[in-house]
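The chains referred to below are lettered A, B, ... by the order of the sequence lines, with proteins before strands, and numbering in each begins at 1. Just so it is clear, the model here is predicted, and its values are computed rather than measured.
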Number of protein chains: 2
Amino acid sequence: MKPSAPKRADPSESEDIDFTLIELLFFAYRDFISDPDAILDSYGFGRAHHRVLHFVNRRPGLTVAELLDVLRITKQSLARVLKQLVDTGYVVQVQGPRDRRQRELYPTKKGQALAMALALPQSRRIRAAIEEAGLDDRAALERFLRAMVNPELRVQVDEPSSGGVPSGEGDSDR
Amino acid sequence: MKPSAPKRADPSESEDIDFTLIELLFFAYRDFISDPDAILDSYGFGRAHHRVLHFVNRRPGLTVAELLDVLRITKQSLARVLKQLVDTGYVVQVQGPRDRRQRELYPTKKGQALAMALALPQSRRIRAAIEEAGLDDRAALERFLRAMVNPELRVQVDEPSSGGVPSGEGDSDR
DNA sequence: AAAATTATGTCAGCCATATTGACATAATTA
DNA sequence: TAATTATGTCAATATGGCTGACATAATTTT
C-alpha cells in the first residue's frame with residue numbers, strides 16, 4: 001500500500017481516474033465493431049442495420065416499439081434502416097397476433113445467415129482475447145460488463161429470444 | 001463436458017457464437033459513453049470533441065499527424081472539432097521545436113479540467129462495475145481488453161503521456 | 001540552390017445516422 | 001363514440017464521418 005498519494009487539488013475528492021481502462025475500452029470497442037463493419041460495407045449496410053438485424057435475430061418476434069426501446073433511437077431513425085432490411089429480404093414484419101396494430105419482426109433465413117456472419121468474427125475476437133489474456137473466469141467478465149450497464153436497462157440485457165418462429169417466413173415480398 | 005453438440009449446418013465449422021458477450025459489450029459501451037455525452041451537450045460539444053480532448057490530455061505534445069493516427073479519422077474530420085477546441089480555449093497548438101511544420105497539441109488548464117470531468121464518471125462506472133462484479137483480478141480485465149485490440153494498433157495503447165508541458169500554456173487567445 | 005517531399009490547413013461537397021415536430025391510419029380500449 | 005396506442009411517414013436539421021483538390025511553409029533530397 002502506497003503511503004497516501006501526494007496531496008493535490010484534484011477533481012472532487014482526489015479520486016484517481018482510471019485512464020488506462022477508459023482508453024482500452026475505446027480501442028477495444030472500436031476494433032470490436034470493425035469486423036462487422038467491413039462485411040456490412042459490401043452489403044451496402046451500415047452499423048445501424050447491424051444493430052437492428054442483431055436484435056431481430058436475437059429476439060425474434062419483437063415489436064417495433066420494443067426494438068426502439070432496446071436500441072434507444074427514434075422511430076424515424078429506425079424506419080429507414082428497417083425498411084431497407086425488409087425491402088432486401090433480411091427481415092419480415094408480421095401483424096401481431098393479439099394486437100393487429102403491432103408488427104412483429106423476424107429474420108428471414110437470409111437475415112439469420114447475415115446476423116451469424118456478422119457475429120462470428122466478433123465472437124472469435126472475444127474468444128481469442130479471453131484466451132490470450134488467460135482470463136480463466138469468464139463469468140466474472142460477464143458480470144463486469146453487466147454491471148457496466150445502467151441498472152434500469154439491465155432487464156433488456158437479460159431477455160434473449162422471446163418466442164418461436166412465425167408462420168409464413170420463407171421470404172418477403174414487402 | 002457435453003457429448004458433442006447436436007450436429008447442424010452451422011456457419012463455418014459448427015462454432016458457437018457468444019451472443020451474450022457481444023450484446024453485453026454493446027450495452028456496456030453505450031452506457032459507458034452516455035456519461036460524458038450528457039456533459040458534452042452542455043458545452044455544445046460532441047463525442048468527437050471528447051476523443052480529441054482525451055488524447056490531447058493523455059499525450060500532451062502530440063502532433064496533429066499522431067493524433068490522426070490514433071483516432072483513425074481524416075484530417076478534415078479532425079479539423080472541425082480541433083478548431084473549435086482551440087477557439088474555445090481547451091487546447092493550444094504550439095509550433096514543433098525541431099520541425100516547425102508540426103503543431104504540438106496541449107490541453108489548457110481549462111482543457112485538463114474538462115477532460116477530467118468527462119473521465120470521472122467513466123472511471124467511477126468502471127470502478128463500481130469491477131466491485132459489483134467481484135472482479136478481483138483487475139489485471140486480467142486489462143489484459144483482456146488489450147487483447148481485443150488489433151495487434152498492429154497495440155503500440156498506441158501502451159504509449160501514454162509522451163512529454164512535458166509546453167512553455168506558454170496558461171491560456172489561449174487563438 | 002532547386003526540386004521534391006512532408007505537415008498542416010482549408011474549400012467544397014457527399015453520405016450515414018441521429019434528432020424533433022407534425023400528421024395520418026388503423027386498431028384497441030375506455 | 002371517443003380517446004388512446006402502434007406504426008408509418010414527411011420535412012427539416014445536426015453531427016461526424018468521408019473524398020478530392022489545392023495552398024503554404026518547412027524540411028529533405030538531389
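- For B/F45 and B/Y90, the ring centers sit closer than 6.0 Å to each other.
- The distance from atom CG of B/L78 to atom C1' of C/dT10 is 13 Å, rounded to the nearest whole Å.
- Both B/A65 and B/R80 lie near DNA chain C, and the one whose nearest nucleotide falls closer to the 5' end is B/A65.
- The CG atom of A/D37 sits 19 Å away from the P atom of C/dC15 (whole-angstrom rounding).
- In this entry the distance linking NE2 of B/H49 with P of D/dA14 reads 15 Å, nearest Å.
- Put simply, CD1 on A/I33 is 14 Å from C1' on D/dG16, counting in whole angstrom units.
- The minimum heavy-atom distance between A/G89 and A/T108, with the atom names listed, is O-OG1, 2.7 Å.
- Remark on DNA chain C: of its neighbouring residues A/Q95 and A/V81, the 5'-side contact belongs to A/V81, judged by nearest-heavy-atom nucleotide.
- Following rounding to the nearest Å, A/L62 (CG) and D/dA6 (P) show an atom-to-atom distance of 15 Å.
- B/Q84 places its CD atom 8 Å from the P atom of D/dT15, with the value rounded to the nearest Å.
- Looking at residues 67-77 of chain B, you'll see B/K75, B/Q76 sit with a heavy atom under 4.0 Å from some atom of DNA chain C.
- Under the salt bridge (Lys or Arg N to Asp or Glu O under 4.0 Å) rule, A/E23 has a single partner from B/R51, B/R154, B/R58, which is B/R58.
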List the steps and the verdict of side-chain contact (heavy atoms from CB on, under 4.5 Å) for B/L118 and B/L40. CA-CA 8 Å; B/L118 294 170; B/L40 289 159; 3.8 Å; yes
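- For CD of B/E131, the number of neighbouring non-hydrogen atoms (other residues, nucleotides, ligands) closer than 6.0 Å is 12 at most.
- Atom NZ in A/K83 sits about 7 Å away from atom P in D/dT9, given to the nearest Å.
- In this structure, A/R100 places its CZ atom 16 Å from P of D/dA6, rounding to the nearest Å.
- The base of D/dT27 has none of its N or O atoms less than 3.5 Å from a complementary donor or acceptor on the side chain of B/R101.
- In this structure, A/F55 has its ring center closer than 6.0 angstrom to the ring center of B/F26.
- Side-chain nitrogen and oxygen atoms of B/Q102 include none within less than 4.0 Å of the OP1 or OP2 phosphate oxygen of C/dT6.
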Could you please spell out the steps behind the salt bridge (Lys or Arg N to Asp or Glu O under 4.0 Å) verdict for A/R127 and B/D18? CA-CA 8 Å; A/R127 187 157 309 181; B/D18 197 335; 5.4 Å; no
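- Counting non-hydrogen atoms under 4.0 angstrom, B/H50 reaches nothing in the nucleic acid.
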